[in-house]
Amino acid sequence: MSRFFATGSDSESEESSSADEITPKAPGTTLKQSLLLSDDEEDTKRVVRSAKDKRFEELTNLIKTIRNAMKIRDMAKCLEEFEQLCRAFLKSKNIVDKEGVPSFYIRLLADLEDYLNQLWEDKDGKKKMNKNNAKALSTLRQKIRKYNRDFETEIAAYKEVSRKSFLPPLTCSSSESEGEAGGVSAKSFLKKKPDEASKAAKEDDDDDDDDEGWSGESKESDSESSDGEAKRQSMAESFLKYVLFLILTFSEIKKLSKRRDKAKARKHIEEEEEDGGEEGGEGWEKVKYGVPLVKEKPKMFAKGTEINTTVVVKKLNEILQARGKKGTDRAAQIELLHALAAIAAEHNLGQGILVKIKFNIIASLYDYNPNLAAFMKADMWKKCLECIDELLDILFENNNIFIGENIAEDSENLAVSDQPFRVRGCVLTLVERMDEEFTKIMQNTDPHSQEYVDNLKDEGRVCGIVDRLLTYLENKGSTEEICRVYLRRIMHTYYKFDYKAHRRSLGLQGETKSEQDQEESEGEDSALIMDRLCKFIYAKDRTDRIRTCAILCHIYHHALHSRWYQARDLMLMSHLQDNIHHSDPPVQILYNRTMVQLGICAFRQGMIKDAHNALLDIQSSGRAKELLGQGLLMRNMQERNAEQEKIEKRRQVPFHMHINLELLECVYLVSAMLLEIPYMAAHEFDARRRMISKQFHHQLRVGERQPLLGPPESMREHVVAASKAMKMGDWRTCHSFIINEKMNSKVWDLFPETQRVREMLVRKIQEESLRTYLFTYSSVYDSISMEILSEMFQLEMPTVHSIISKMIINEELMASLDQPTQTVVMHRTEPTSLQNMALQLAEKLGSLVENNERVFDLKQGVYGGYFNRGYQGGGYRNQNQSNY
């Protein structure tokens, strides 16, 4: 209550006023604060702490919680608090960068890792843990091992040097000896007043125990003794302890450096021994540390066991039981099977048990890589080829061995007896898997390296194994197995050009006598082999897939060797284009490759329209590389996920089977040029004309957009420049752009009959340039002599006469021939309005029919309309044109 309103005596008022005067008022205290703060809050003092103290206090609290959880073995709590500790340490990163990593943090990391390792090694203790603690133990152990990698040096220093206090007591023997080594001992220095020295040492030891860090900083004495001698004594003692600490530290550092030097020397010696072992052969064996470990091979059978077929089969089943299990050493399993085969051969247990062991060895080699996408390593691949060769050798030498998948394990006959051996297994399956492994090896090897060439040399061995199996199955196999092995042989033959048969067809012989003898000694041509194998499959196969693959390979081989009519007729008779979209992707890739090869064959034979139609589907899609199985295009992850990408990569064709994509595009563009340029000249003023090739028009537009026209560089630029020259009827310039040194090296020299292809191209360029010239300049002439045209385009008179006659018959050129004078007389007849309307109606009806046919084809799902397609667009569909 205020003294102005008090109802007491004067003495009371004086006392209250004096009390008010004596009580000091806190500076800065406002009325608002006095109203908000309670009496308790006013009494407590506010302590201001630095950010370092706050962060370190948070860390120490978490560390205490972790240590409490360690005492009661609560791993879940440890894991939870450790994660919080890591986050708190990350928050205090700025302080740690300035001050350094706190010692108590390093101590906890080291202690926690040791504690977790002890718990992990305690098998009985782990079994007694509940599920949550066991899981938390495993997780925390992995996290602490990973986390401690960033603090390896600090933890190592803590474990080596700082297990004991940085300031050791003077009474310990080690410190005394170190002090004597430094020239001064603790007892001699403190000889005068031992009581005071011991007292000061005791105080300092207590200070050391209270100190949480191991940084070696000593606390000053808090003694308030008035005696100056005691102060000097304590200072001398502190100095002595600091000197002893330095001596200890330097000695520990020397020990650490010596250990590191020894470790480096030991590592250097091991590396030298490894190098010496590689150079010297198999005489050296790498051992761990000092004592050599004698590697003993596991004993197959106990001593004194009688080795017979039953015992060996039992041991074989024991080895096979571990197949596919987690933790099984696959290499050791293969070695055991080899050892078992050697024991069986040594004790003459018969070829039956040997064949069964060989089957399992080959299967184990295939299982060495559990991942389906992984390919076999070189050493495993060599072993696989050798084992299959050995297996076929045994089967050829012993006709009394019957193998098959339909033989049950109970009915197997592996012992030596009068009955023939019966073994469960399938050689054909092993060879097919070997062929697939060879394809995977070629897919995963860099095609531009020497390693690819070395791996490709193994194809001879693979084909040899397939041929041997083919001979074996022709005698003992079923029809289905023969068809399967025939298809394997076809797949290794269909894409290879037979140069020797080609030389024989041209009447050429080898340059040397050895080459002539070699050609005479060789067997039948690849064409005869393909014909014999494919016809057997056509007649005997019951599965559509094998027959479809055989037909496509046969067509590909015909087209590759320029047998255009046989390839075309086989494609027409097979009707594959109607239902190929129902086949699996590898068969569709084979179909695309066959169509491309068919189009290139038609181009070589001068069938320009057929070549364009065969290549149209592949080239117009814009992803010929992907459709031919020669690579993947970059797509978004929405269109193709990682798993689909892996599957598509396994479908890729090996590099040595690729079709040159630049050659393919050049053939397509040149074919489109020879068709499109005359058509554009004939319908120059027709607003409703259709494009024959969209891709060709795109290239023309790209060429027109270029602001600066220079000499052509790429293949596409050469074709565009040649097209512009052909528009003007300049066949010589067109010829110079299409056939030159650069184009020869890129495209035309890749054909087997290079010169014949060039001559065909020159002929086609001359003929189409003549047609373009007549379309473009017919309105300028009243009449023109055929002799002049023959000289301009360097064509024979009969050829010029034939071209002009066909143009007149097809109503492409409004003219007539004057036979006596060999002159073309132009007719200038303009159509009437009724005729123009009739022509427009006919064009609209034609476009409507074409649209209806396209919609019908889409509904029917027709794939690859090569043989269902006429000439698209611009009246070419309705014009029954033939080749000129």
Side-chain angles (χ1 to χ4, degrees), residues 277-278 281-282 284-286 293-302 305 307 309-395 401 403 405 409 412 414 423-441 444-445 455 458 461-462 465 468-469:
E278 290 176 0
E282 299 179 356
W284 295 91
E285 183 179 0
K286 183 179 177 181
L293 300 176
V294 180
K295 189 177 180 181
E296 295 183 359
K297 293 184 179 179
K299 295 181 180 179
M300 300 294 293
F301 302 102
T305 305
I307 306 299
T309 305
T310 307
V311 174
V312 172
V313 170
K314 184 179 179 182
K315 190 66 180 179
L316 176 63
N317 292 329
E318 288 179 7
I319 296 172
L320 295 179
Q321 282 176 359
R323 178 182 173 187
K325 290 185 179 179
K326 188 176 180 181
T328 303
D329 189 354
R330 298 182 182 87
Q333 196 176 29
I334 294 170
E335 290 180 5
L336 288 175
L337 290 173
H338 277 291
L340 192 62
I343 291 172
E346 183 181 353
H347 290 82
N348 297 323
L349 298 181
Q351 300 298 329
I353 187 66
L354 201 58
V355 168
K356 186 169 182 63
I357 295 173
K358 289 288 183 185
F359 268 118
N360 289 289
I361 289 174
I362 297 169
S364 299
L365 288 170
Y366 291 147
D367 291 344
Y368 189 77
N369 289 325
N371 189 3
L372 186 63
F375 62 98
M376 294 180 74
K377 302 301 179 184
D379 53 344
M380 291 294 171
W381 171 246
K382 301 295 181 186
K383 287 181 182 178
C384 180
L385 292 179
E386 291 171 1
C387 286
I388 294 176
D389 271 328
E390 292 172 3
L391 179 60
L392 290 174
D393 289 338
I394 295 172
L395 294 178
I401 300 177
I403 57 175
E405 290 179 315
E409 292 186 359
E412 283 184 327
L414 304 176
V423 183
R424 177 179 174 81
C426 182
V427 193
L428 178 58
T429 305
L430 297 179
V431 173
E432 285 179 338
R433 179 68 187 274
M434 174 205 68
D435 196 19
E436 292 170 2
E437 290 293 337
F438 176 72
T439 303
K440 283 199 287 187
I441 289 172
N444 290 277
T445 309
N455 290 337
D458 289 335
R461 292 189 66 183
V462 173
I465 290 172
R468 294 183 68 189
L469 180 63

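Small disclaimer: the values here were computed from a predicted structure and weren't measured.
Every pair passing salt bridge (charged side-chain N to carboxylate O under 4.0 Å, His left out) that includes a residue from residues 356-368 is listed here, sequence neighbours excluded: R323-D367, K356-E412, K358-E390. Within the structure, the salt bridge (charged side-chain N to carboxylate O under 4.0 Å, His left out) test picks out the following pairs touching residues 372-387 (sequence neighbours left out): K382-D458.
Here the CZ-CD1 distance, from F375 to I441, works out to 7.5 Å after rounding to the nearest 0.5 Å. Note that CG of L414 is 5.0 Å distant from CD1 of I353, once rounded to the nearest 0.5 Å. In this structure, CG in L337 is found 5.0 Å from OG in S364, a value given to the nearest 0.5 Å. Note that CE of M434 and OH of Y366 are 6.5 Å apart. Values are rounded to the nearest 0.5 Å. To the nearest 0.5 Å, atoms CG (L336) and CG (L320) are separated by 10.5 Å. Summarising the geometry, atom CD1 belonging to I465 is positioned 7.0 Å from atom CG belonging to L392; distances are rounded to the nearest 0.5 Å.
Partners of E437 under the side chain to side chain donor-acceptor pair (under 3.5 Å) rule, at least two apart in sequence or in another chain, are R433, K440. Scanning for side chain to side chain donor-acceptor pair (under 3.5 Å) contacts around N317 gives an empty result, with sequence neighbours left out. Scored by the side chain to side chain donor-acceptor pair (under 3.5 Å) test, T445 finds N455 as partners (sequence neighbours excluded). With sequence neighbours excluded, no residue forms a side chain to side chain donor-acceptor pair (under 3.5 Å) with R330.
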Problem - Steps toward side-chain contact (heavy atoms from CB on, under 4.5 Å) verdict (D389, R468) - result: CA-CA 9 Å; D389 271 328; R468 294 183 68 189; 3.2 Å; yes

Practice task
Decide yes or no on side-chain contact (heavy atoms from CB on, under 4.5 Å) for E405 and T429, but give the supporting numbers first.
Solution key: CA-CA 10 Å; E405 290 179 315; T429 305; 3.6 Å; yes

Exercise for the section: Decide side-chain contact (heavy atoms from CB on, under 4.5 Å) for L391 and L430; before the verdict, give the C-alpha distance in whole Å, the side-chain angles of both, and the deciding distance to 0.1 Å. Expected result: CA-CA 11 Å; L391 179 60; L430 297 179; 4.1 Å; yes

Problem - Derivation of the side-chain contact (heavy atoms from CB on, under 4.5 Å) call for M376 and F438 - result: CA-CA 8 Å; M376 294 180 74; F438 176 72; over 6 Å; no

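Among all heavy-atom pairs drawn from A341 and I361, the shortest one is CB-CD1, 4.4 Å. Pairing each heavy atom of G352 with each of V423, the nearest pair is O-CG2, 3.8 Å.
Between the Q333 side chain and the I319 main chain, a donor and an acceptor come within less than 3.5 Å of each other.
Side-chain atoms of V462 and V431, non-hydrogen and from C-beta on, never get closer than 4.5 Å to each other. Using a 4.5 Å heavy-atom cutoff, the side chains of E432 and C426 are not in contact.
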